[in-house]
Participant: 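Questions regarding the structure given below will be posed in turn.
Computation of the quantities below employed the complete heavy-atom set of this structure, encompassing side-chain atoms and omitting hydrogens, waters and symmetry-equivalent molecules. Both counts, for ligands and for their atoms, begin at 1 and track the order of listing.
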Amino acid sequence: MIALSLAEIASVTGGQTHDIPDTSVQVTGQVVRDSREAGPGSLFVAFAGERADGHDFAAAVVEAGAVAVLASRPVGVPAIVVDDVQRALGALARHVVERLGATLVALTGSAGKTSTKDLIAQVLRTKAPTVFTPGSLNNEIGLPLTALSATEETRFLVLEMGARGIGHIRYLADLTPPKIGLVLNVGTAHIGEFGGREQIAQAKGELVEGLPEDGTAVLNADDPLVRAMASRTKARVLLFGESDEADVRAENVRLTGNGQPSFSLHTPTGCSEVTMRLYGEHHVSNALAAAAVAHELGMSADEIATALSEAGSLSRWRMEVTERPDGVTIVNDAYNANPESMRAALRALAAMGKGRRTWAVLGQMAELGDEALAEHDAVGRLAVRLNVSKLVAVGGREASWLQLGAYNEGSWGEESVHVSDAQSAVDLLRSQLRPGDVVLVKASRSVGLERVAQALVEGAEGEVAVR
Ligand SMILES: Nc1ncnc2c1ncn2[C@@H]1O[C@H](COP(=O)(O)OP(=O)(O)OP(=O)(O)O)[C@@H](O)[C@H]1O
Ligand SMILES: [Mg+2]
């Protein structure tokens, strides 16, 4: 964090100082919520969680070098005591970003936020120091903590914003008001909590409503609900996508033999070829979004294309490819799934597995409402059309729909099987995998299929317990 005195922090958060002999002492280190991360010069934020109460660690963090604790009650060591720790953290983040010289970029959407945020960061940091959300810490606590990790050197601050309801994005965008606001897509994630796609669009669009006149709304031209958000902002609108209308476009999109997307990137200032290191064509949209942001921040098509072609996967379980010593390839895409990314992952599997035996180990796509039966059926059929050698559908009713779709498309006998749980899938694969096979593992987050991928990755060397 930029250096701030305890007196200043108390004033910004409306807190009372307790057990602080000298309030001119500065916080010069990180603002942390995990006591194990506290170090010299840090500020520890004490949350009372379900399992542990941060206040219990106050003495330990000061011992580790923390300057003070942001707390909701006196803790016997230097503390700034506030009524509501979360609000205080937010107020501190807002104060700090106002003082930073950095340009704030915020993004939201139903799917691909983390993947895109990681791409944006990897492109922008070739230009200037960039701080970005670690992993998927996109809520009212992770967002301010990320913002507070910026320093005087930071030029770009890239923040992922997540929403589970109306008003959430507005709250986050008020804490850290972006100059550039990017909306990726409106899908079905958390549709139950929202009520419908229109409500999801309403919630995601809050990001562009708060943008300043000299800001930019970066919108997906290929998604009608996102495209329509142009009317909700006073900022300039920049469109990305494969549509002709898009300012930043991809042409000639194809998958390489490895399942990696390749395309011609067109920006308003030029054109350049991109071949990604990431797998699956859903990353084209993510890459175009990143390119649009980078273009807006003054990068040329060549600079953007080079950085996109070098960008790797920074977050786990997203098309994570492991080559086992015995020549089996495991593709772990178990972080999450929706119909679009299922199709993209299957196409990538087919491309990677040319001339090899391919396995699709798939589980439920959650939150599809009335569409669930048709979507699972369609994915099962697509696996057969793409000539995937073996489909292993894992789980309950939805998995049986996947398998039935494959069966009805002509995949009989042992080509498609339905197993009830992760352990059965691991047992089956362990007994049948042969050198040279390629295995894709994918389902919605709640299914937890990363256990299967991990067991298979480590299973080459020894036994791994499946929880
Ligand atoms: N552009 C996209 N369109 C559709 N699906 C995508 C896209 N990009 C990624 N995905 C899928 O969504 C999953 C989650 O990706 P990612 O973590 O980037 O999304 P997220 O929006 O950050 O998710 P979360 O809401 O959990 O933070 C990936 O495993 C992939 O299957
Ligand atoms: Mg995320």
Participant: Under 4.0 Å from a heavy atom of Arg318: give me the atoms of ligand 1 that qualify, with their elements.
Facilitator: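 Selected atoms, number and element: 15 (O), 16 (P), 17 (O), 18 (O).
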Participant: Measuring from non-hydrogen atoms of Ala337 to any atom of ligand 1, is the shortest distance under 4.0 Å?
Facilitator: no
Participant: Just checking, Arg125 and Phe156: is the charged tip under 6.0 Å from the six-membered ring centre and within 45° of the axis?
Facilitator: no
Participant: Suppose I only count heavy atoms of Lys442 and a 4.0 Å limit; which atoms of ligand 1 are within that range?
Facilitator: 29 (O), 30 (C), 31 (O)
Participant: Return a yes/no value for Trp317: is any of its N or O atoms, backbone included, closer than 3.5 angstrom to an N or O of ligand 1?
Facilitator: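 Min N/O separation from ligand 1 is not below 3.5 Å for Trp317.
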Participant: Any idea which atoms of ligand 1 are less than 4.0 Å away from a heavy-atom of Ser115?
Facilitator: 15 (O), 16 (P), 18 (O)
Participant: Against ligand 1, does His283 come closer than 4.0 Å with any heavy atom?
Facilitator: no
Participant: Can you list the atoms of ligand 1 that are under 4.0 Å from a heavy atom of Asp333?
Facilitator: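 The atoms of ligand 1 under 4.0 Å from a heavy atom of Asp333 are 29 (O), 31 (O).
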Participant: Which ligand 1 atoms are under 4.0 Å away from a heavy-atom of Asn338?
Facilitator: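 By the 4.0 Å cutoff, the relevant atoms are 4 (C), 5 (N).
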Participant: Please name the atom of Glu160, limited to N, O or S, that comes nearest to the Mg ion (ligand 2).
Facilitator: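 Per the distance ranking, Glu160 contributes OE2 as its closest N/O/S atom to the Mg ion (ligand 2).
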Participant: Mark up the atoms of ligand 1 that fall under 4.0 Å of a heavy atom belonging to Ser110, in ascending order.
Facilitator: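 Once the distances to Ser110 are compared, the set is 21 (O).
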Participant: How large, to 10°, is the angle at the Mg ion (ligand 2) when you draw lines to OG1 on Thr114 and to OG on Ser136?
Facilitator: 90°
